[in-house]
2 protein chains.
Amino acid sequence: MTTRSQTPAPRARVRPPPDAATPAEARTRLNEWIAERGLKATRQRDLIVDTFFGATGHLSVDELLSKVQERDENIGAATVYRTMKILADSGLASPRHFEDGQTRYEAAIGRHHHDHLICTSCHAIIEFENERIEELQDLVARQHGFLVTRHKLELYGLCKACQARQPKR
Amino acid sequence: MTTRSQTPAPRARVRPPPDAATPAEARTRLNEWIAERGLKATRQRDLIVDTFFGATGHLSVDELLSKVQERDENIGAATVYRTMKILADSGLASPRHFEDGQTRYEAAIGRHHHDHLICTSCHAIIEFENERIEELQDLVARQHGFLVTRHKLELYGLCKACQARQPKR
DNA sequence: GGGCCGGTGAAATTGATTCTCAAATTCAAC
DNA sequence: GTTGAATTTGAGAATCAATTTCACCGGCCC
């Protein structure tokens, strides 16, 4: 059922998704992680994880909540927030903070570190990796005596399609 | 979780500030910009601009508000928010969104583009420039057909002092 | 010497996220 | 299967930064 087509999920991915996880694998991994620390597996968590890993791209909690509620309308927002936090803690999903004020999550199973190109017009998000840039970042950090644990590199601009669509402006 | 205590303003700058603006110059520049579009110069705006350019580092509105209220306790938060938005629109200040959930502003007069190293322990913010990284970013963008208008590069980790302070952990 | 207009500041609002708490669920041990 | 302790759930309240609203201000121009 296409519910009201609110904010379109940021379209992503130019080539076939490099995501290496099936929903089933993710559920299994999460339940292992949960069992290890005395937490409990629940139907809701499974459903949320299943939905998240069955989708692609960079989902906000809101977007994910809509998808989840298509399958079970009684699931509350708080549960989705809590579940995504657990997914992030367990390393199965990565939270991203782009500049729209919402936290977005992306699948993190079997994925390399990568950075993002973000179209400010259509909100497409394209991922890229660049080893040289990483090396230079490390170099800069060392020059300042810094020990870097993570970084954020985001390039904002117009994607090819949007450039063609709106020549100027 | 969020320490309620007045988080100290992130200390910045390892060498002498490269900021190239005096408060007076900034006031003048802003008033020109304001006059050009039929807005009005006000005592409050001057005071806020003066305070902002008289300080260094990356100030949150909250921190700036405190400083401003030391000089005139009747100035309201809304005015500081509005004034900083005007400063940003006029190009005299740059808004930055680091990962503490608040917008921080830095002086932008006579400054080059630069990126940031951020200590996750003491919240120091160090600025750096690296031409090679910029070039590589442009290259990556071109390879994806992107027209980049701005970017964000932030390296998070431990500064030298904090590494010494907490050898492990 | 009254309008006109933008500016001001206190309070209310918004929007994302987190917290609270009673009720429901999970799960290991009977 | 049943029990019971511990955890999870979901609705609504609370938070927090940021924005908006709105009634009052204060110059400036006829």
Side-chain angles (χ1 to χ4, degrees), chain A residues 6-7 27 30-49 51 58-66 68-69 71-90 93 95-105, chain B residues 1-7 9-10 27 30-31 33-49 51 58-66 68-69 71-90 93 95-105:
Chain A
Q6 47 211 92
T7 7
R27 280 204 313 273
L30 179 64
N31 285 336
E32 283 168 15
W33 191 90
I34 272 180
E36 279 169 21
R37 50 214 84 206
L39 304 180
K40 290 174 179 170
T42 68
R43 185 180 54 75
Q44 289 89 334
R45 273 170 358 189
D46 275 354
L47 177 56
I48 292 166
V49 172
T51 304
H58 301 71
L59 292 178
S60 67
V61 170
D62 220 43
E63 290 161 357
L64 181 55
L65 178 61
S66 303
V68 166
Q69 288 182 335
R71 300 222 243 165
D72 177 348
E73 63 183 277
N74 289 323
I75 297 214
T79 302
V80 176
Y81 274 104
R82 284 185 289 235
T83 302
M84 293 317 291
K85 196 173 292 292
I86 291 177
L87 276 181
D89 288 346
S90 68
R96 300 285 183 183
H97 301 272
F98 300 124
E99 301 205 336
D100 65 350
Q102 290 178 81
T103 302
R104 293 180 176 279
Y105 289 89
Chain B
M1 193 173 293
T2 28
T3 33
R4 198 48 188 116
S5 66
Q6 288 311 69
T7 1
R27 280 203 313 274
L30 179 64
N31 285 336
W33 192 88
I34 274 180
E36 279 169 21
R37 49 215 83 208
L39 305 180
K40 291 177 181 172
T42 66
R43 186 181 54 74
Q44 289 89 335
R45 256 125 74 151
D46 275 354
L47 177 56
I48 292 167
V49 171
T51 304
H58 302 71
L59 292 178
S60 67
V61 170
D62 221 44
E63 290 160 358
L64 181 56
L65 178 62
S66 304
V68 166
Q69 288 183 336
R71 301 223 241 165
D72 178 347
E73 63 184 271
N74 289 324
I75 296 208
T79 302
V80 176
Y81 275 104
R82 282 185 289 238
T83 302
M84 292 317 292
K85 197 174 293 293
I86 292 175
L87 276 182
D89 288 346
S90 70
R96 300 284 183 183
H97 301 272
F98 299 124
E99 301 206 334
D100 65 349
Q102 287 179 80
T103 302
R104 295 181 174 280
Y105 289 89

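Letters A, B, ... mirror the listed sequences (proteins, then strands); counts begin at 1. Computation of the quantities below employed the complete heavy-atom set of this structure, encompassing side-chain atoms and omitting hydrogens, waters and symmetry-equivalent molecules.
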Could you check how far [atom1] of [X] sits from [atom2] of [N], rounded to whole Å?
X	N	atom1	atom2	answer
B:Asp72	C:dG7	CG	P	18 Å
A:Tyr81	D:dT9	OH	C1'	17 Å
A:Asp46	C:dT26	CG	P	10 Å
A:Leu65	C:dT17	CG	P	12 Å
A:Leu64	C:dA16	CG	P	15 Å
A:Gln69	D:dA11	CD	C1'	12 Å
A:Lys85	C:dA16	NZ	C1'	12 Å
A:Asn74	C:dA23	CG	P	18 Å

Heavy-atom side-chain proximity of A:Leu47 to A:Thr51 below 4.5 angstrom: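 Heavy-atom side-chain distance check passes, below 4.5 Å.
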
Considering only heavy atoms from C-beta outward, does the side chain of A:Thr103 approach that of A:Val61 to under 4.5 Å?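 No, side chains not in contact.
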
Heavy-atom closest pair, residues B:Ser90 and B:Leu30: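 Where B:Ser90 meets B:Leu30 most closely, the heavy atoms are OG-CD1, 4.1 Å.
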
Close residues, residues 36-45 of chain B, relative to DNA chain D [heavy-atom separation under 4.0 Å]: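 Within this stretch, B:Lys40 sit under 4.0 Å of the strand.
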
Under 3.5 Å, side chain of A:Gln69 to main-chain N/O of A:Ile75, donor-acceptor pair present?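 Between the backbone of A:Ile75 and the side chain of A:Gln69 there is a qualifying donor-acceptor contact (under 3.5 Å).
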
With no hydrogens and no angle check, is any side-chain donor or acceptor of A:Arg45 less than 3.5 Å from a backbone partner on A:Lys40?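 Checking the backbone N and O of A:Lys40 against the side chain of A:Arg45, a donor-acceptor pair under 3.5 Å is found.
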
Side-chain donor/acceptor contact of B:Arg82 with base of C:dG6 under 3.5 Å: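 There is none.
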
Separation of B:Lys85 NZ from B:Tyr81 OH (nearest 0.5 Å):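 That separation rounds to 9.5 Å.
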
DNA chain C contacts made by residues 96-103 of chain A, counting heavy atoms under 4.0 Å: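 Within residues 96-103 of chain A, the residues near DNA chain C are A:Gly101, A:Gln102, A:Thr103.
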
Under 4.0 Å between a side-chain N or O of B:Thr79 and OP1 or OP2 of C:dT8?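 For C:dT8, OP1/OP2 do not have a side-chain N/O of B:Thr79 under 4.0 Å.
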
More than 12 non-hydrogen atoms from neighbouring residues, nucleotides or ligands closer than 6.0 Å to CD on B:Glu36, yes or no?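 Result for CD/B:Glu36: enclosed.
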
Which residues satisfy the ring-ring contact (aromatic ring centres under 6.0 Å, His included) test with A:Phe98, sequence neighbours excluded?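 A:Phe98 satisfies ring-ring contact (aromatic ring centres under 6.0 Å, His included) with A:His58, A:His116 once adjacent residues are dropped.
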
Set out, in order, the CA-CA distance, both residues' side-chain angles and the distance that settles side-chain contact (heavy atoms from CB on, under 4.5 Å) for B:Val68 and B:Asp72, then state yes or no. CA-CA 6 Å; B:Val68 166; B:Asp72 178 347; 5.6 Å; no

